[in-house]
Colleague: 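Next up is a structure, given as structure tokens.
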Number of protein chains: 2
Amino acid sequence: MTDHELPTTAYVILGMLRLGASSGYEIKKAVQVSTRFFWTISEAQIYPMLRRLEDARLISGRDAPTGRRRRRVYELTDLGESALTDWLERREPTPFEVRDVAMLKLFFADAVGEDAALDLVEQLRTRSESELRELQGQVQPAEELARSTGNRFPALSLQAGISVHLALIQASDELSASLTRAD
Amino acid sequence: MTDHELPTTAYVILGMLRLGASSGYEIKKAVQVSTRFFWTISEAQIYPMLRRLEDARLISGRDAPTGRRRRRVYELTDLGESALTDWLERREPTPFEVRDVAMLKLFFADAVGEDAALDLVEQLRTRSESELRELQGQVQPAEELARSTGNRFPALSLQAGISVHLALIQASDELSASLTRAD
DNA sequence: CCTAACATGTAAACTGTTACATGATTCC
DNA sequence: GGAATCATGTAACAGTTTACATGTTAGG
């Protein structure tokens, strides 16, 4: 059972509903602060997908306006819950897909002068620093979620992201050093 | 001058031509062994893009069949060269875009049992090990390229990729440990 | 002889983003 | 009163993958 053909985006929505988000808007915000580090989705995907999932009976929705402001909240159905766990338990190839213009530019940096190349390394470092700050800003909320709901994996997976950017910062430093050394 | 509106894929092709690839087929292979770690492109993009770039005079092509087997080789024009360097020198936001189903599953792993969750961590580790092996397999060829052509950034950027996967392997181990500890 | 590698390409489908559009409510 | 946030949505476009299609040549 349970549809095998859902796009990953659908599982993000199912997963976020399970973690307590209820409206499309809340899902959007939750993605922006958490899964964003390894999967992004935009509003233009969320709202149509919510309908699709409701049509497929994986979630059930009801209108819950605040005053005159419309609002529709959803929750997982049993079918949706099992679609989510099936996906999580399904062993499938999960390639590491990165689309990183900064690294790409670094790869081709021989085409430009030393200053420009150093600048690219610097951009790489700065970016990882800011990603790191944002990830670290999520540590406390994630731990709070673990305490209050028992869902501890959001906090745990945060650590993996933090490790990646710490590694990239260190790699950038080593790169700058080896470039300036070889003046 | 030099078109501001080229997709990133176009610069990958320009960059690879600069590094010595000459045909679409060679570009494809070069991408598969090197930039693949931070940017992938498929054949279905390469051949149409080569034409577009030729139309835009950023590259020039000529037929160079081997026997009866057709083959078209390209080289950068001056215009193409400056499009590439302009892109490299252009400071632009380069967000860290990762689409990682494995990490995503880990984020939602509270929905499944301990065994399944440990399995997800294991998958993460195994994947980084195999990525690491492939990256390390590229170290010697990249160093050889540096020696023979003076292009040293392919080898240097490889190190950043290696750091990332070493960090992910370590993070996976720490994750497994903290999960089994908390039996 | 047959397989792997060389070599190029297209059509259809899918995925995803950007920009736009609309309106309500809260907080300063 | 105005800005930020809440809230939902669509249309057009851009980018990408998958599957298919075709043929050559080198090496075992």
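Proteins get letters first, then strands, A, B, ... in listed order; numbering begins at 1 in each.
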Colleague: Ignoring backbone atoms, test whether A/Thr9 places a side-chain nitrogen or oxygen under 4.0 Å from the OP1 or OP2 oxygen of C/dG16.
Modeller: yes
Colleague: Does the B/Thr149 side chain pair with the main chain of B/Ala146, one donor and one acceptor, at a distance under 3.5 Å?
Modeller: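 No.
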Colleague: Atom CZ of B/Arg68 and atom P of C/dT8: how far apart are they, to the nearest Å?
Modeller: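 Value for this atom pair: 18 Å.
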Colleague: Is any side-chain N or O of A/Lys28 closer than 4.0 Å to OP1 or OP2 of D/dC6?
Modeller: no
Colleague: Which nucleotide in the set C/dT25, C/dG9, D/dA7 lies at the smallest distance from any side-chain heavy atom of A/Tyr25?
Modeller: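 Within the option list, the nearest is D/dA7.
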Colleague: Heavy atoms only, 4.0 Å cut-off, all strands: where does A/Arg71 land among base, sugar-phosphate and nothing?
Modeller: sugar-phosphate
Colleague: Please determine, for the side chain of B/Arg72, which listed nucleotide (C/dT8, C/dA24, C/dG16) has the closest atom?
Modeller: C/dT8
Colleague: Starting from C1' on C/dG9, measure out to CD1 on B/Ile41 and report it in whole angstrom.
Modeller: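 Spelled out: CD1 on B/Ile41 to C1' on C/dG9 is 15 Å.
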Colleague: Does a side-chain N or O of A/Arg51 approach OP1 or OP2 of D/dG9 to a distance below 4.0 Å, or not?
Modeller: yes
Colleague: Ignoring the backbone of A/Tyr47, work out which of C/dG16, D/dG9, C/dA7 is nearest its side chain.
Modeller: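 For A/Tyr47, the side-chain atoms sit closest to D/dG9.
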Colleague: What is the separation between atom CZ on A/Arg70 and atom P on C/dT25, rounded to the nearest whole Å?
Modeller: 13 Å
Colleague: In whole Å, I'd like the distance from the CG atom of A/Asp63 to the P atom of C/dA24.
Modeller: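 Rounded to whole Å, this separation is 16 Å.
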Colleague: Respond yes when some side-chain nitrogen or oxygen of A/Arg99 is under 4.0 Å from OP1 or OP2 of D/dT16, and no when none is.
Modeller: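 Yes, A/Arg99 has a side-chain N/O under 4.0 Å of OP1/OP2 on D/dT16.
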Colleague: Would you kindly give the CD1-to-C1' distance between A/Ile46 and C/dT18, to the nearest whole Å?
Modeller: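 In whole Å, C/dT18 C1' and A/Ile46 CD1 are 15 Å from each other.
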Colleague: When the distance from CD of B/Glu97 to C1' of C/dT15 is rounded to whole Å, what number comes out?
Modeller: 13 Å
Colleague: Is B/Ser42 close enough to D/dT17 that one of its side-chain N or O atoms is under 4.0 Å from OP1 or OP2 there?
Modeller: yes
Colleague: Distance-only, no hydrogens or angles: does the B/Asp110 side chain make a donor-acceptor pair with backbone N or O of A/Arg152 under 3.5 Å?
Modeller: yes
Colleague: What distance separates B/Leu76 CG from B/Met16 CE, expressed to the nearest 0.5 Å?
Modeller: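 So the gap between those two atoms works out to 12.5 Å.
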Colleague: Between A/Arg52 (CZ) and D/dG9 (C1'), how many Å, whole number?
Modeller: 17 Å
Colleague: Side chain of B/Arg69 only, heavy atoms from C-beta on: which candidate in D/dT10, C/dT8, D/dT24 is closest?
Modeller: D/dT24
Colleague: Within the 3.5 Å criterion, strictly below it, is a donor on B/Glu174 or B/Gln170 matched to an acceptor on the partner's side chain?
Modeller: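 Judged by distance alone, the side chains do pair up.
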Colleague: Please report the distance, rounded to the nearest Å, between CD in B/Glu43 and P in D/dA21.
Modeller: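 So the two atoms are 15 Å apart, to the nearest Å.
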Colleague: Give a yes/no answer on whether the side chain of B/Thr40 brings an N or O atom under 4.0 Å of OP1 or OP2 in D/dT16.
Modeller: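 Negative; the distance criterion is not met.
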Colleague: Should the ring pair B/His165 and A/Phe96 be called parallel, tilted or perpendicular, given that the plane angle runs from 0 to 90° and is split at 30 and 60?
Modeller: perpendicular
Colleague: If you compare every side-chain N and O of B/Gln45 against the phosphate oxygens of D/dG15 (OP1, OP2), does one of them come in below 4.0 Å?
Modeller: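 Result: no.
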Colleague: Which listed nucleotide (C/dG9, D/dC6, D/dT16) is nearest to the side chain of A/Lys29?
Modeller: D/dC6
Colleague: Where the side chain of B/Ala44 is concerned, which of C/dA11, C/dA7, C/dA24 is the nearest nucleotide?
Modeller: C/dA11
Colleague: If you check the B/Pro7 side chain, which of D/dG15, D/dT17, D/dT8 turns out closest?
Modeller: D/dG15
Colleague: Can you confirm whether B/Glu75 is buried at CD, in the sense that more than 12 heavy atoms of other residues, nucleotides or ligands lie under 6.0 Å from that atom?
Modeller: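 Incorrect, the count does not exceed 12.
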